[in-house]
Peer 1: 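Could you have a look at this structure, given as structure tokens, before my questions?
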Amino acid sequence: MKKVLDFVIVIISLAAAVFVFAGFNMEGILLKMNPQEDIGAREIEDNPGTVYTGYPAGEGIVEVQSQSDWEETLNDVDYVKIIPKSIQRTNVYSLADWADPFRRRRNGAVGRQKPTVRQSPVDVFLDYVPYYILELEDGSKILAQFSQNTAKALKKGDAGAIPIGRKHGFSQSAKSALAPVCEENQVSAEHIWYAIDNEWQKNHSFGILIGKAAVAVVFFFVLAVILELLADKIFGKRE
């Protein structure tokens, strides 16, 4: 009986820790510690060679509100912002631009290539970015990719955290994986709104991993202890 209860407690605690790892917004904590400056149309005009994708949207950034606005947006040229009516995460992910495309062995040798597209109901892959479906003001929908922190801000309706993004093409393998959900939601799979600061993510990916892992480990042990105490109380002291 003791071994069975211990096993069940470990499994429950581990499963809960996985969800804590997936949901803990370490990125948001790091951004609050060192916030990025808002970027408006003036800064973009004055610095045409600088990449501002993923920065907080400042004054003068055009907002896409309808399908016609989206169609008029120039691919990889125009910076736009989107404040969606609703947001839906798909279970499809693509390998992040900042991630190492190969698995590394302990000695540093290059291992197998990572898959470019993955599918999962839980957001636990830090090297992968999920695709989202955004509903625009006119009811039409588009695909998008942005960070976990941005997703949480959009769901809360936090207009101050809206990033700058660009209209991008994306891989055929991702389009194939997204085909069922796009058909179900009547979403075009030709382009996405990409609103991730790749440089920031690259520089902070390790810190995000360590922070999320530390919180998940602490949660695992605390929950396991609590469940052990409850089990002892309910079933009596176990030998």
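This is a predicted model, so every value here is computed, not measured.
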Peer 1: Is there a chain of hydrophobic side chains (I, L, V, M, F, W, Y, each step under 4.5 Å between heavy atoms) that links Phe219 to Phe221?
Peer 2: no
Peer 1: Between atom CD1 of Ile39 and atom OH of Tyr52, what is the distance when rounded to the nearest 0.5 Å?
Peer 2: 5.0 Å
Peer 1: Are Trp200 and Val51 connected, step by step, through hydrophobic side chains (Ile, Leu, Val, Met, Phe, Trp, Tyr) whose heavy atoms are closer than 4.5 Å?
Peer 2: no
Peer 1: Check whether any side-chain heavy atom of Cys182 lies under 4.5 Å from a side-chain heavy atom of Leu178, and answer yes or no.
Peer 2: yes
Peer 1: Can you list, by chain and residue number, the hydrophobic cluster partners of Val77 when the side-chain cut-off is 4.5 Å?
Peer 2: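 Leu74, all in the cluster of Val77.
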Peer 1: A side-chain contact here means heavy atoms from C-beta on lying under 4.5 Å apart; do Val80 and Ile164 qualify?
Peer 2: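 Val80 does not reach Ile164 side chain to side chain.
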Peer 1: What heavy-atom pair brings Thr53 and Tyr194 nearest, and what distance separates the two atoms?
Peer 2: CG2-O, 3.4 Å
Peer 1: Do the non-hydrogen side-chain atoms of Pro84 and Leu154 ever get within less than 4.5 Å of each other?
Peer 2: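 Pro84 reaches Leu154 side chain to side chain.
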Peer 1: Are the side chains of Leu30 and Ile208 in touch, meaning some heavy atoms are under 4.5 Å apart?
Peer 2: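 Yes, their side chains come closer than 4.5 Å.
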Peer 1: Let's go through Val62 and Asp78 carefully: what are the C-alpha distance in whole Å and the side-chain angles of both, what is the deciding distance for side-chain contact (heavy atoms from CB on, under 4.5 Å) to 0.1 Å, and is it a yes or a no?
Peer 2: CA-CA 9 Å; Val62 175; Asp78 294 338; over 6 Å; no
Peer 1: In terms of hydrophobic clusters joined by side-chain contacts under 4.5 Å, are Tyr93 and Val129 together?
Peer 2: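 No.
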Peer 1: To the nearest 0.5 angstrom, please state how far the CD atom of Glu27 sits from the CG atom of Asp197.
Peer 2: 9.5 Å
Peer 1: For Leu95 and Pro115, which heavy atoms make the closest approach, and how far apart are they?
Peer 2: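 For Leu95 and Pro115, the tightest heavy-atom pair comes out as CB-O, 4.2 Å.
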Peer 1: With a 4.5 Å heavy-atom cut-off, do Ile162 and Pro56 have their side chains touching?
Peer 2: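 They are not in contact (no side-chain heavy atoms under 4.5 Å apart), so the answer is no.
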Peer 1: Can Arg166 and Thr73 be said to form a side-chain contact (heavy atoms from CB on, under 4.5 Å), step by step?
Peer 2: CA-CA 8 Å; Arg166 277 177 165 173; Thr73 303; over 6 Å; no
Peer 1: Can you list the residues that meet the salt bridge (Lys or Arg N to Asp or Glu O under 4.0 Å) rule with Asp127, with sequence neighbours excluded?
Peer 2: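 For Asp127 the salt bridge (Lys or Arg N to Asp or Glu O under 4.0 Å) partners, ignoring immediate neighbours, are Lys114.
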Peer 1: side-chain contact (heavy atoms from CB on, under 4.5 Å) for Tyr55 and Asp38? Distances and angles first, verdict last.
Peer 2: CA-CA 7 Å; Tyr55 277 73; Asp38 292 356; over 6 Å; no
Peer 1: Within the 4.5 Å heavy-atom criterion, are Asn185 and Gln88 side-chain neighbours or not?
Peer 2: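 SC-SC contact between Asn185 and Gln88 confirmed.
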Peer 1: When rounded to the nearest 0.5 angstrom, what distance separates CG in Leu126 from CD in Gln148?
Peer 2: 8.5 Å
Peer 1: Roughly how far, to the nearest 0.5 Å, is the OG atom of Ser173 from the CZ atom of Arg118?
Peer 2: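 That separation rounds to 13.5 Å.
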Peer 1: Determine the minimum heavy-atom distance between Ala231 and Ile9, stating which atoms define it.
Peer 2: CB-CD1, 4.2 Å
Peer 1: Does Val18 share a hydrophobic cluster with Tyr128, counting links as ILVMFWY side-chain heavy atoms below 4.5 Å and allowing steps through other members?
Peer 2: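 Yes: a chain of side-chain contacts under 4.5 Å links Val18 to Tyr128.
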Peer 1: Following the transitive rule for hydrophobic clusters with a side-chain heavy-atom cut-off under 4.5 Å over Ile, Leu, Val, Met, Phe, Trp and Tyr, establish whether Val117 and Trp98 coincide in one cluster.
Peer 2: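 The answer is yes; both residues are in one hydrophobic cluster.
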Peer 1: Please tell me whether Ser147 and Thr150 have a donor and an acceptor in their side chains that are separated by less than 3.5 angstrom.
Peer 2: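 Checked: Ser147/Thr150 side chains pair up, N/O donor to acceptor below 3.5 Å.
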Peer 1: Show the numbers, then the answer: is there a side-chain contact (heavy atoms from CB on, under 4.5 Å) between Asn91 and Ser120?
Peer 2: CA-CA 5 Å; Asn91 292 331; Ser120 172; 6.0 Å; no
Peer 1: Within a strict 4.5 Å, meaning less than it, do heavy atoms of the Leu143 and Tyr132 side chains meet?
Peer 2: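 No, every pair of side-chain atoms sits at 4.5 Å or beyond.
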Peer 1: Can you sort out the partners of Lys155 under salt bridge (Lys or Arg N to Asp or Glu O under 4.0 Å), two or more places apart, ordered by chain and number?
Peer 2: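 Counting only residues at least two positions away or on another chain, Lys155 forms no salt bridge (Lys or Arg N to Asp or Glu O under 4.0 Å).
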Peer 1: Can Arg112 be said to sit on top of Phe102's aromatic six-ring, NZ or CZ under 6.0 Å from centre and within 45° of the ring axis?
Peer 2: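 The answer is no, since Arg112 fails at least one limit relative to Phe102.
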Peer 1: Kindly give the heavy-atom pair with the smallest separation between Ala41 and Gly60, and that separation in Å.
Peer 2: CB-O, 3.6 Å
Peer 1: Apply ring pair (Phe, Tyr, Trp, His ring centres under 6.0 Å) to Phe170 and list each qualifying residue two or more places apart in sequence or on a separate chain.
Peer 2: Tyr131
Peer 1: Do you know which two heavy atoms are closest between Phe220 and Ala17, and how far apart they sit?
Peer 2: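 Where Phe220 meets Ala17 most closely, the heavy atoms are CB-CB, 3.9 Å.
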Peer 1: Is NZ or CZ of Lys212 both nearer than 6.0 Å to the six-membered ring centre of Phe24 and within 45° of the ring axis?
Peer 2: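 Lys212 over Phe24 ring: no.
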Peer 1: Quick one: which residue pairs count as a salt bridge (charged side-chain N to carboxylate O under 4.0 Å, His left out) with a foot in residues 131-149, not counting sequence neighbours?
Peer 2: Lys85-Glu135
Peer 1: If you round to the nearest 0.5 Å, how far is CD1 of Ile192 from CD1 of Ile142?
Peer 2: 9.5 Å
Peer 1: Between Ile87 and Ile133, is any pair of side-chain heavy atoms under 4.5 Å apart?
Peer 2: no
Peer 1: Give me each pair satisfying salt bridge (charged side-chain N to carboxylate O under 4.0 Å, His left out) with a member in residues 87-100, each pair once, sequence neighbours excluded.
Peer 2: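 Those involving residues 87-100 are Asp100-Arg104.
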Peer 1: For the atom pair CG (Leu136) and CD (Glu63), what is the distance rounded to the nearest 0.5 Å?
Peer 2: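 Answer rounded to 0.5 Å: 9.5 Å.
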Peer 1: Would you say the side-chain atoms of Asn25 pair up with the backbone N or O of Gly28, donor to acceptor, closer than 3.5 Å?
Peer 2: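 Confirmed, Asn25 side chain pairs with Gly28 backbone.
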Peer 1: Just checking, any donor-acceptor pair under 3.5 angstrom between side chains of His168 and Asn75?
Peer 2: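 Not at all, the side chains of His168 and Asn75 share no donor-acceptor pair under 3.5 Å.
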Peer 1: What pair of heavy atoms forms the shortest contact from Ile61 to Gly40, and how long is it?
Peer 2: CD1-C, 3.8 Å
Peer 1: Just checking Gln172: does its CD atom have more than 12 heavy atoms from other residues, nucleotides or ligands closer to it than 6.0 angstrom?
Peer 2: yes
Peer 1: Has Lys167 got its NZ or CZ under 6.0 Å from the middle of the six-membered ring of Trp70, at an angle within 45 degrees of the ring axis?
Peer 2: yes
